[in-house]
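Note that the structure is a prediction, hence the values are computed from the model and not measured. Reckoned from all heavy atoms, side chains included, excluding hydrogens, waters and symmetry mates.
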Amino acid sequence: FTYLTGPIGSMRPVLVTAVAYPMSSKFRTGLTLLMFGLVTFTLVVMSVLIESFGNSVTSDLETVTGRWDIQGTVNFNTPIGDIRGAIEERPELAIGDFEAIGGYTQVPVEARQVGVENRRWEGYSVWAADDAFLEASEFKLKLMADGYDSEEEVWQALKEDASLTVVEGYVVPTVRGDESEFTGFQLQGVFYEDERMTPLSIEVREPLTNVVIPLTVIGVLDRVHDPFELGAGMLTSKSALDSKIPFAIPVTTYNFRLAGGVDAKEASRGL
């Protein structure tokens with residue numbers, strides 16, 4: 001070091017001091033290097049995980065989101081009764097910029113399966129969706145019940161029959177049985193890897209009124225949607241709850257699909 005820094009004489013005392021201190025305090029020096037290495041390792045691992053997670057989502061973003069471009073939520077106590085009318089009243093927005101508009105409300109409920117040994121009520125959620133949401137959504141189904149040959153038939157059936165529902169993928173166990181970390185409501189008699197399924201009867205209880213609503217499961221969503229778009233719950237027609245519960249359930253989450261050429265950032269600012 002002295003030889004390399006010879007042309008700069010003032011560096012010699014700096015180097016001597018810099019080398020002498022860590023050699024005289026070996027434990028402290030080693031601990032400092034260990035902590036620095038641990039922090040660096042953590043940052044690298046987190047960067048890799050975040051980048052990998054981001055790539056897995058954005059690689060097929062249309063599939064994950066069901067081809068919706070914008071999502072907005074409103075307060076349960078101050079809902080927007082007519083979202084299309086509200087858009088038409090705003091000069092900075094044009095209703096023609098939106099190809100489709102649909103909404104739903106996530107309602108906490110208790111659920112249990114009919115005809116099984118374990119019939120305990122378990123906490124769950126219902127996504128009570130309006131007809132526009134069910135008609136325009138392009139969420140992929142992993143399983144369809146006997147009697148349905150296409151995803152379009154399943155979504156049409158949900159619109160026409162309020163007693164039908166589609167559940168998210170993690171409520172169905174796998175053949176490997178590695179879903180022990182998921183607690184709560186689980187379906188029996190069907191596996192995620194199956195090709196088809198028979199319709200399953202379940203009951204949903206609204207905790208405020210204790211009203212019990214019978215539903216029939218006719219489909220299981222692909223798991224690619226669950227962590228990103230909807231979360232844990234079952235998707236059914238909003239009229240299924242409106243006809244049973246003695247109070248109105250407003251739409252609290254609106255999804256928007258933009259027409260071609262419309263900038264999503266500008267449209268979301270206007271909304």
Side-chain angles (χ1 to χ4, degrees), residues 1-73 106 108 122-125 127 137-142 167-186 191-193 220-233 252-258 262-271:
F1 286 158
T2 302
Y3 173 78
L4 294 175
T5 58
I8 308 175
S10 59
M11 287 295 294
R12 186 177 186 280
V14 174
L15 283 173
V16 170
T17 305
V19 173
Y21 177 78
M23 293 302 294
S24 63
S25 305
K26 295 181 180 179
F27 177 78
R28 185 180 301 173
T29 301
L31 189 61
T32 302
L33 290 174
L34 176 64
M35 294 175 64
F36 181 78
L38 182 61
V39 171
T40 304
F41 172 78
T42 304
L43 291 175
V44 171
V45 170
M46 290 303 298
S47 299
V48 171
L49 291 177
I50 291 172
E51 184 69 18
S52 300
F53 185 77
N55 288 337
S56 68
V57 176
T58 57
S59 60
D60 198 1
L61 192 59
E62 287 192 353
T63 299
V64 172
T65 61
R67 285 196 65 231
W68 294 108
D69 299 305
I70 300 173
Q71 184 179 86
T73 59
Q106 188 170 10
E122 301 284 358
Y124 206 46
S125 293
W127 311 313
S137 294
E138 297 186 13
F139 296 114
K140 301 298 180 184
L141 296 175
K142 179 62 174 65
V167 299
E168 44 96 7
Y170 286 103
V171 80
V172 177
T174 64
V175 174
R176 299 187 303 273
D178 58 355
E179 310 303 323
S180 57
E181 69 270 23
F182 299 103
T183 59
F185 178 62
Q186 290 271 299
F191 292 103
Y192 187 75
E193 294 88 350
V220 177
L221 283 171
D222 193 299
R223 289 187 176 184
V224 69
H225 301 298
D226 305 331
F228 311 105
E229 183 61 21
L230 293 170
T252 57
T253 302
Y254 284 102
N255 283 22
F256 305 87
R257 180 176 302 148
L258 299 176
V262 178
D263 183 73
K265 292 183 179 180
E266 290 295 330
S268 62
R269 278 194 287 267
L271 290 169

Testing the basics here: between [X] and [Y], what is the closest heavy-atom pair and its distance to 0.1 Å?
X      : Y      : result
Thr253 : Asn255 : CG2-OD1, 3.9 Å
Glu193 : Val175 : OE1-N, 2.9 Å
Arg269 : Glu266 : NH2-OE2, 2.6 Å
Trp68  : Arg257 : CE3-N, 3.6 Å
Leu258 : Ala264 : CD1-CA, 3.5 Å
Ser268 : Ile70  : N-CD1, 3.7 Å

Would you say [X]'s side chain and [Y]'s backbone share a donor-acceptor pair under 3.5 angstrom?
X      : Y      : result
Ser24  : Tyr21  : yes
Gln186 : Tyr170 : yes
Ser125 : Gly233 : no

For the residue pair [X] and [Y], establish whether any side-chain heavy-atom pair is separated by less than 4.5 Å.
X      : Y      : result
Arg223 : Thr174 : yes
Val220 : Val167 : yes
Glu168 : Tyr124 : yes
Leu141 : Leu221 : yes

> Looking at CG of Leu43 and CG of Leu38, how far apart are the two atoms once the value is rounded to the nearest 0.5 Å?
Replying inline: 9.5 Å

>> Within this structure, what is the OH-OG1 distance for the pair Tyr254 and Thr73, rounded to the nearest 0.5 Å?
In response: 11.5 Å

>> Walk me through whether Phe139 and Val224 qualify under side-chain contact (heavy atoms from CB on, under 4.5 Å).
In response: CA-CA 9 Å; Phe139 296 114; Val224 69; over 6 Å; no

